[in-house]
Amino acid sequence: MARPANRYPAAMASNHLYLVDGSGYIFRAYHRLPPLTNKHNEPVGAVYGYTAMLWKLADEVHKADGPTHMAVVLDKSSHTFRNDLYDKYKAQRPPPPEDLIPQFPMIRDATRAFSLPCIEEEGWEADDLIASYAKAALAQGWQVTIVSSDKDLMQLIEPGLDLYDTMNNRRLGAEHVVEKFGVPPVQLGEVLALMGDSVDNVPGVPGVGPKTAAKLITEHGDLEAVLAAAPDMKKGKLRENLIEHAEMARLSRKLVTLACDVPLPEPLDGLALQGIPEAPLRAFLEHHGFRSLLARLGAVADAPQPAPAAGVALPEDPPCDHDGYEAVTDLAALERWAAAAREQGFVALDTETDGLGPMAGLVGISMALAPNRACYVPLGHRGGDLLADTPVQIPIDQALAVLKPMLADPAVLKIGHNIKYDLSILARHGVVVAPIDDTIVMSFNLDAGRHGHGMDELAATHLAHSCIAFKDVVGTGKAQKGFHEIGLREATRYAAEDADVTLRLWRRLKPRLSPEQATRVYEMVDRPLVPVLSGMERAGIKVDRKTLSRLSAEFATQIAALEGEIHGIAGTPFTIGSPKQLGDVLFEQMGIKGGRKGKSGVYSTDVNELERIAADREAGAGAELARKVLDWRQLSKLKSTYTDSLQQEINAETGRVHTSYGLTGAQTGRLSSNDPNLQNIPVRTETGRQIRDAFVAEPGNVILSADYSQIELRLAAHMADVPQLRDAFLRGDDIHNMTAQELFGEVNRDTRGRAKTINFAILYGISRWGLAGRLEIAPDEAQAMIDRYFDRFPGIRTYIAETLSSVRENGFTTTLFGRKTHFTRIKSSVQHERQGAERAAINAPIQGTSADIIKRAMARMNPALAEAGLSDVRMLLQVHDELVFELPESLVDRAKPVIQHVMATAAEPLVKLTVPLGVEIGTGTSWGAAH
DNA sequence: TCAGTCACG
DNA sequence: GACGTACGTGACTGAT
């Protein structure tokens with residue numbers, strides 16, 4: 001990593017001491033990295049992160065002003081002088097997570113493997129030891145780097161001493177402290193004392209946060225001066241608090257002060273780097289199976305069993321060189337990058353925007369051609385003197401004109417991580433991007449169920465790399481900036497890294513697709529869907545604001561009335577929306593029997609419980625109250641989640657609501673929908689259904705809804721080979737009636753309802769207790785019913801047994817199209833975890849195949865419509881087994897058979913089903929009317 | 001940030 | 001006998 005040579009004024013210093021805040025690091029690593037386990041089944045996520053970090057530091061030895069001395073500093077005891085000052089200090093800290101505890105000793109192993117000294121001392125926090133070493137080294141004229149991002153340690157920053165945040169690859173100097181806390185490092189202790197710290201239980205002054213603290217300290221100089229000036233301040237809460245809590249503030253000042261004069265357990269010279277003997281390090285890495293690190297050690301990848309998610313052995317990639325990325329601000333340079341991409345035939349790209357969602361504005365584009373060969377093209381940066389280092393940008397139209405032919409060139413593969421987003425943004429500038437590869441989809445097709453698929457997590461897992469966190473670039477909360485306000489240098493570091501990392505991930509993931517049998521689902525199901533979803537997101541659906549606001553007003557009136565009645569019955573006002581308070585009212589004050597407490601000690605007040613009370617004749621007024629709370633709950637839910645919020649989601653430009661679809665959200669392969677979620681718009685109750693009337697077609701158009709009928713049961717009939725079910729579907733019989741006839745020998749409302757419940761229970765992986773609860777019968781009876789079901793439909797029993805034996809053996813299930821879902825808990829020694837995994841594994845092939853089929857229908861829909869001269873038919877929404885379209889009224893009769901045909905034949909020719917897929921279609925001026 | 005609740009398939 | 005024993009999601013609320 002190139003750094004300016006004049007970074008430190010005292011550059012003549014020959015010795016450079018690195019002090020690693022080991023305790024701080026391990027907590028951050030634990031929370032940021034996936035919960036990996038090694039081959040001994042020990043949790044090692046944090047250890048892996050820690051080891052990769054030490055490796056990175058060891059690499060710095062070769063640099064111009066790299067470390068000559070290094071030590072890892074750890075917390076040893078829980079009791080320090082701060083506890084004597086204040087007994088509540090760090091008192092309410094929860095114990096470390098269970099699977100982190102065994103990793104503490106491993107951290108010491110890792111440190112020893114690198115032959116680094118480990119400093120820990122009874123009675124002192126790591127921070128105090130670090131401060132003492134730092135001061136001693138500075139006094140000798142050494143340079144010091146503290147490897148940490150702890151805010152308390154930032155107090156130590158001065159010329160010759162900086163902090164190094166390895167997770168984000170950032171050096172933190174005095175500027176950073178000023179930016180973050182509004183004061184230079186020497187005054188940071190004063191600010192921290194005023195602010196307090198709820199995690200460590202440093203009291204501070206109530207009502208004073210970072211902003212107020214910085215303002216006070218800047219104005220008065222230090223804490224004592226602030227306290228002295230308090231009586232003269234203008235009357236108000238601040239003045240009061242400063243006077244009342246002056247002593248707590250003084251105590252806080254002592255708590256945040258670092259001890260700089262701790263006797264050094266090891267002399268400075270003892271920290272000199274000796275070089276790393278290979279044998280112990282290799283032994284350590286092999287013990288844990290850290291293959292990517294072993295590979296860097298020069299090991300041949302001959303481990304007997306490849307670690308599941310470790311990727312393919314590749315020659316070592318160099319670490320990301322953030323300052324080596326190019327900022328492209330003139331046309332000639334941009335043309336060179338476009339030409340190089342065409343020359344090479346593939347390019348990774350990423351777009352930066354001023355917001356979230358498919359309708360955000362374009363701010364810049366980054367590209368990567370090879371590791372560390374990446375650039376950023378700023379296009380929409382604007383605003384104040386923040387951008388002092390931003391030279392002229394290429395006008396957006398000119399830049400896109402240069403990139404457009406390359407982005408549309410069928411000979412150039414465009415690689416993105418969640419490229420659907422980039423497709424949407426660029427499409428709104430008239431830029432077509434094709435062909436594409438998507439590393440988030442690849443990861444999902446390879447590793448669903450093993451870990452998440454976000455870029456940061458994949459970089460950590462596959463590349464042992466910590467990406468610059470977006471939050472560290474733009475900030476958080478109110479002070480958060482738009483990316484267009486970020487200066488060019490920092491924007492380039494962040495954006496080009498994203499493209500670089502995407503390219504590196506692609507080189508790891510793409511070669512795994514074929515050997516791991518993921519090519520089919522990637523090429524035939526998920527990848528073709530990416531541009532289709534982008535189109536649907538951009539299309540959006542028209543939502544009528546008036547309908548929603550009318551409903552909001554109606555609901556508000558009813559909610560207010562219910563509130564009064566509920567408080568009346570309770571005899572006291574309380575927050576109805578608080579399960580805790582409601583539980584107390586019902587079960588303590590009103591004395592209703594049978595309350596069940598959850599693990600947090602709160603009474604359950606969910607629908608089942610309230611309905612039980614409502615039907616309980618002994619509950620008296622409690623039954624009435626429960627009924628009213630149920631109504632209140634329903635109306636509050638509808639109002640807050642739908643009629644109120646949805647109005648906010650109407651895009652000002654288009655007058656439509658644009659959801660985002662997640663391709664990798666659901667383990668089974670289903671899509672998810674968010675911001676807003678349009679897959680859970682009410683339909684089951686009459687009141688809720690009114691909300692669907694707000695989803696409307698443009699004048700002259702209609703909404704068309706097409707849904708698969710009973711698709712999961714049909715697939716179960718096919719996959720489990722159940723002749724009676726299959727024949728019933730072939731004949732077009734009512735499937736629940738048929739089940740009722742088989743199970744109970746007669747069909748009526750009651751037996752049909754029970755049969756329906758059992759049919760669904762089968763899809764979800766049944767247990768006698770679950771079914772017993774649903775049917776309100778005894779577990780024994782439920783078991784008898786399950787046995788009878790299995791006897792009548794023996795294929796189901798076989799399907800379940802085979803699915804379970806396969807998932808236990810392979811660790812994953814597959815759909816008819818080859819989609820894998822991994823179940824890491826299938827062999828858990830914790831029974832309920834294992835049983836949960838078993839039920840999910842029984843369901844996954846069925847739910848997943850259904851998802852595969854509708855995805856294929858979606859990918860084929862637009863070409864089929866175009867073929868039929870129906871390009872004006874727009875596909876807007878997918879709700880798992882339903883597709884929603886908007887089309888000119890005049891085209892309805894021609895569109896219906898095309899849509900019906902595409903959906904019904906979507907499995908073919910890859911999969912030949914032995915049951916027909918039924919598709920039902922309705923139309924109307926609104927989504928509500930189309931059902 | 002978590003737990004509880006509830007909207008959907 | 002526990003496990004708030006049916007699968008998969010996302011959003012909102014109150015409490016910490």
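- In summary, Arg808(A) and Glu838(A) engage in a salt bridge, as defined by a charged side-chain N under 4.0 Å from a carboxylate O.
- Contact between the side-chain N/O atoms of Arg684(A) and the OP1/OP2 oxygens of dA7(B) is not found at any separation under 4.0 Å.
- The list of ring pair (Phe, Tyr, Trp, His ring centres under 6.0 Å) pairs with a residue in residues 810-831 of chain A, not counting sequence neighbours, reads Phe812(A)-His822(A).
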How would nucleotides 11-16 of chain C be written as a contact map, 5' to 3', with B for base contact, S for sugar-phosphate-only contact and - for no contact, using protein heavy atoms under 4.0 Å? BSSSS-
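- In this structure, the ring pair (Phe, Tyr, Trp, His ring centres under 6.0 Å) partners of Phe587(A), at least two apart in sequence or on a different chain, are Tyr603(A).
- If you measure from atom CD of Gln847(A) to atom C1' of dC8(B), you get 12 Å, rounded to the nearest angstrom.
- Scored by the ring pair (Phe, Tyr, Trp, His ring centres under 6.0 Å) test, Phe790(A) finds no partners at all (sequence neighbours excluded).
- In this structure, Leu713(A) places its CG atom 17 Å from P of dC7(C), rounding to the nearest Å.
- Listed by first and then second residue, the side-chain hydrogen bond (donor to acceptor under 3.5 Å, both in side chains) pairs that reach into residues 798-807 of chain A are Ser806(A)-Asn810(A), sequence neighbours excluded.
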List, one per line, each side-chain donor-acceptor pair under 3.5 Å for residues 767-782 of chain A, sequence neighbours excluded.
from	atom 1	to	atom 2	distance (Å)
Ser767(A)	OG	Trp769(A)	N	3.4
Ser767(A)	OG	Gly770(A)	N	3.0
Arg768(A)	NE	Gln783(A)	OE1	3.0

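- When each of dA7(B), dC8(B), dT9(C) is scored by its nearest atom to the side-chain atoms of Gln667(A), the top-ranked nucleotide is dT9(C).
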What dot-bracket string describes DNA chain C from 5' to 3', counting Watson-Crick and G-U wobble pairs whose defining distances are under 3.5 Å, with [ ] for crossing pairs and | for pairs to another strand? ......|||||||||.
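- Taking the ring pair (Phe, Tyr, Trp, His ring centres under 6.0 Å) definition, one finds that Tyr642(A) meets it with nothing, sequence neighbours left out.
- Using C1' as the reference atom, dG4(C) and dT5(B) are 14 Å apart when rounded to the nearest Å.
- Take Ser149(A) and apply the side chain to side chain contact (heavy atoms under 4.5 Å, CB included) test, not counting sequence neighbours, and it matches Arg28(A), Asp165(A), Leu172(A).
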